[in-house]
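All chains are named by letter (A, B, ...) in the order of the sequence lines, taking the proteins before the strands, and each is independently numbered beginning at 1. Heavy atoms only: backbone and side chains are in, while hydrogens, waters and symmetry mates are out.
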Protein chains: 2
Amino acid sequence: MTAADRVYQIIKKRILDGQYPAGSYVREATIGQELALSRTPIREALRRLVSDGWVEAIPHHGARVVAWTQRDVEEVFELRVLLEPQVVRRAAPRIGAERLATLDDLAERMEALCERGDDASVDEIAQLNNRFHAELVAAADSPRLQRLLETIVQIPVSRRSFHRYTRDELHGSMQHHRELIRALSLGDGEWAASVMRAHILAARAAQLRPAASDEEAREPAFRRRLHRA
Amino acid sequence: MTAADRVYQIIKKRILDGQYPAGSYVREATIGQELALSRTPIREALRRLVSDGWVEAIPHHGARVVAWTQRDVEEVFELRVLLEPQVVRRAAPRIGAERLATLDDLAERMEALCERGDDASVDEIAQLNNRFHAELVAAADSPRLQRLLETIVQIPVSRRSFHRYTRDELHGSMQHHRELIRALSLGDGEWAASVMRAHILAARAAQLRPAASDEEAREPAFRRRLHRA
DNA sequence: TCGAGTCGGATTGCATACAACTCTCCCGTG
DNA sequence: CACGGGAGAGTTGTATGCAATCCGACTCGA
């Protein structure tokens, strides 16, 4: 692995961690000094980050961490609603018993963590969920689809996304996983695709909901409407 | 525009022209000498081409022009069938009269060229067709969707693709354009999406058909079946 | 006081030199 | 004769220095 590769991962991690906040500039010389490298590999890493959409290059002025707007989030979900169902549509006739067992294991571990419900558990669920989706993408066996999703999903949102789920929504998400596994084990791509579509739309709804207080999260508007009825 | 940008376009053009054939290596020093530039901007251009999927980087060994397999073509069509309908689905409620007029003009010019049917006209149709699709993508007003399609479609195939169309198929393609314009002018996104889906699937069928002799192209298998029946 | 021009600092863009790595070919050995 | 090891050439990876460009502040003039 070259130095440029390492720098790429380091900067990416720092963006995700919020160490490089949105809108801030990433200076070649600064990072170079810090990592005891010349500007060359840093330049190369920044170029890759630009083409992956993590930072934007302002000519002769620097590389700035991109700021995500509400519209960006909507665009991404719109594409995920198309692409992620296609992942499982392809995966259904291709997936093997071994991978299904892995998915089953991941689902089980997520459910166990879901029962606890504390913040640390939710973080861990997010990680397992990423692995779950990665397994599905691998089963789909389409390098281009994989690459598209990698460049699109860009966990800056989904990193903390599970924290926006209500307990019911989190539970529903676990149900989706189970149903996906059932559909895939039967080789029913359209069933799996439908579940995945619902899965993504649910995530979208949680994400686009105005940042709710805990109060609102436990007693969302639609439920209040139900109670009044 | 920087030197690296120019090099990027030059190399890309040469790959499309077949000047750099698939599987051949693009040497940094060679191009540098030829363009009287140092390796630095060439390196940068090659990295962009790698991330755009035109060449693949073999660590410490060079950048090789990617070779397209049948499977690659199928993968691309599978994604286009998803993404291009989404383009017009979005475009329908957003497109303005001016752009519709442009599309109409392009369709008309393509039809006129279609009547002639010689090789040069087919080449020109291909260019106009690219502009037609570019207008649609612009109307969709989704930078991410635009970028995805740009990295996916990569005219290495579709460059000569129209030459694989039979006269009937070419005519059908023109019909699709007209129907798209009608649907878009009525703001009917689902209609437009359906037409586009058919449009892409037709292109796929023509593309995946085993390379036909002129004989085969004029008298394809399905037509022979019709005659026997 | 406001505006235009200019100068300075900071940053990226590019050129050049050197280091590290990989592959190949050849030679020696079993 | 087959196989392993090592040297060499060629290519990419990295460091460094200089040039070009951009932004902001300051000064000068109206």
Next item on the list: Before accepting this row, confirm whether a basic side-chain N of the pair A/Glu75/A/Arg71 lies closer than 4.0 Å to the acidic partner's carboxylate O.
Entry: yes
Next item on the list: Taking salt bridge (charged side-chain N to carboxylate O under 4.0 Å, His left out) as the test, write out the residues that go with A/Glu78, two or more places apart.
Entry: B/Arg90
Item checked: Sequence-distant partners of A/His177, ring pair (Phe, Tyr, Trp, His ring centres under 6.0 Å), two or more places apart -> A/Phe132, A/His199
Margin query: Between P on C/dA15 and CZ on A/Arg43, what's the gap in Å once rounded to a whole number?
Written below: 12 Å
Check: To the nearest angstrom, how far is A/Glu44 atom CD from C/dT12 atom C1'?
Finding: 16 Å
Item checked: DNA chain D contacts among residues 32-42 of chain B, heavy-atom distance under 4.0 Å -> B/Arg39
Margin query: If the condition is side chain to side chain donor-acceptor pair (under 3.5 Å), which residues does B/Ser121 pass it with, not counting sequence neighbours?
Written below: B/Asp118
Checklist line | Residues forming a side chain to side chain donor-acceptor pair (under 3.5 Å) with B/Asp72, sequence neighbours excluded | finding: A/Arg144, B/Thr69
Margin query: What is the first contacted nucleotide of DNA chain D and what is the last, in 5' to 3' order, if contact means an atom lying under 4.0 angstrom from a heavy atom of chain A?
Written below: D/dG13 to D/dC23
Notebook entry, point to check: Can you list the residues that meet the ring pair (Phe, Tyr, Trp, His ring centres under 6.0 Å) rule with B/His61, with sequence neighbours excluded?
Noted result: B/Tyr25
Checklist line | A/Glu34: side chain to side chain donor-acceptor pair (under 3.5 Å) partners, not counting sequence neighbours | finding: A/Arg14
Note to self: For a quick check under 3.5 Å, do B/Arg204 and B/Gln207 share a side-chain donor-acceptor pair by atom type?
What the structure shows: no
Note to self: Output the rounded distance in Å from CG (A/Leu46) to C1' (C/dT12).
What the structure shows: 11 Å
Item checked: Between C/dC23 (P) and B/Arg64 (CZ): distance, integer Å -> 12 Å
Note to self: Just to verify, what does A/Glu56 make a side chain to side chain donor-acceptor pair (under 3.5 Å) with, not counting sequence neighbours?
What the structure shows: A/Arg64
Checklist line | Per-nucleotide protein contact string for nucleotides 6-11 of chain C, where B marks a base within reach and S marks sugar-phosphate only (heavy atoms under 4.0 Å, - for neither) | finding: -----S
Check: What pairs with B/Gln33 under side-chain contact (heavy atoms from CB on, under 4.5 Å), at least two apart in sequence or on another chain?
Finding: none
Tabulate below the donor-acceptor pairs under 3.5 Å that side-chain atoms of residues 45-52 of chain A make, not counting sequence neighbours, or state none.
residue, atom, partner, partner atom, Å
A/Arg47, NH1, B/Glu44, OE1, 3.1
A/Arg47, NH1, B/Glu44, OE2, 3.3
A/Arg47, NH2, B/Glu44, OE2, 3.0
A/Arg48, NH1, A/Asp5, OD1, 2.9
A/Ser51, OG, A/Arg48, O, 3.1
A/Ser51, OG, B/Ser51, OG, 3.3
A/Asp52, OD2, A/Tyr8, OH, 2.5

Notebook entry, point to check: How would you label the contact of A/Ala57 with the nucleic acid (heavy atoms, under 4.0 Å): base, sugar-phosphate, or nothing?
Noted result: nothing
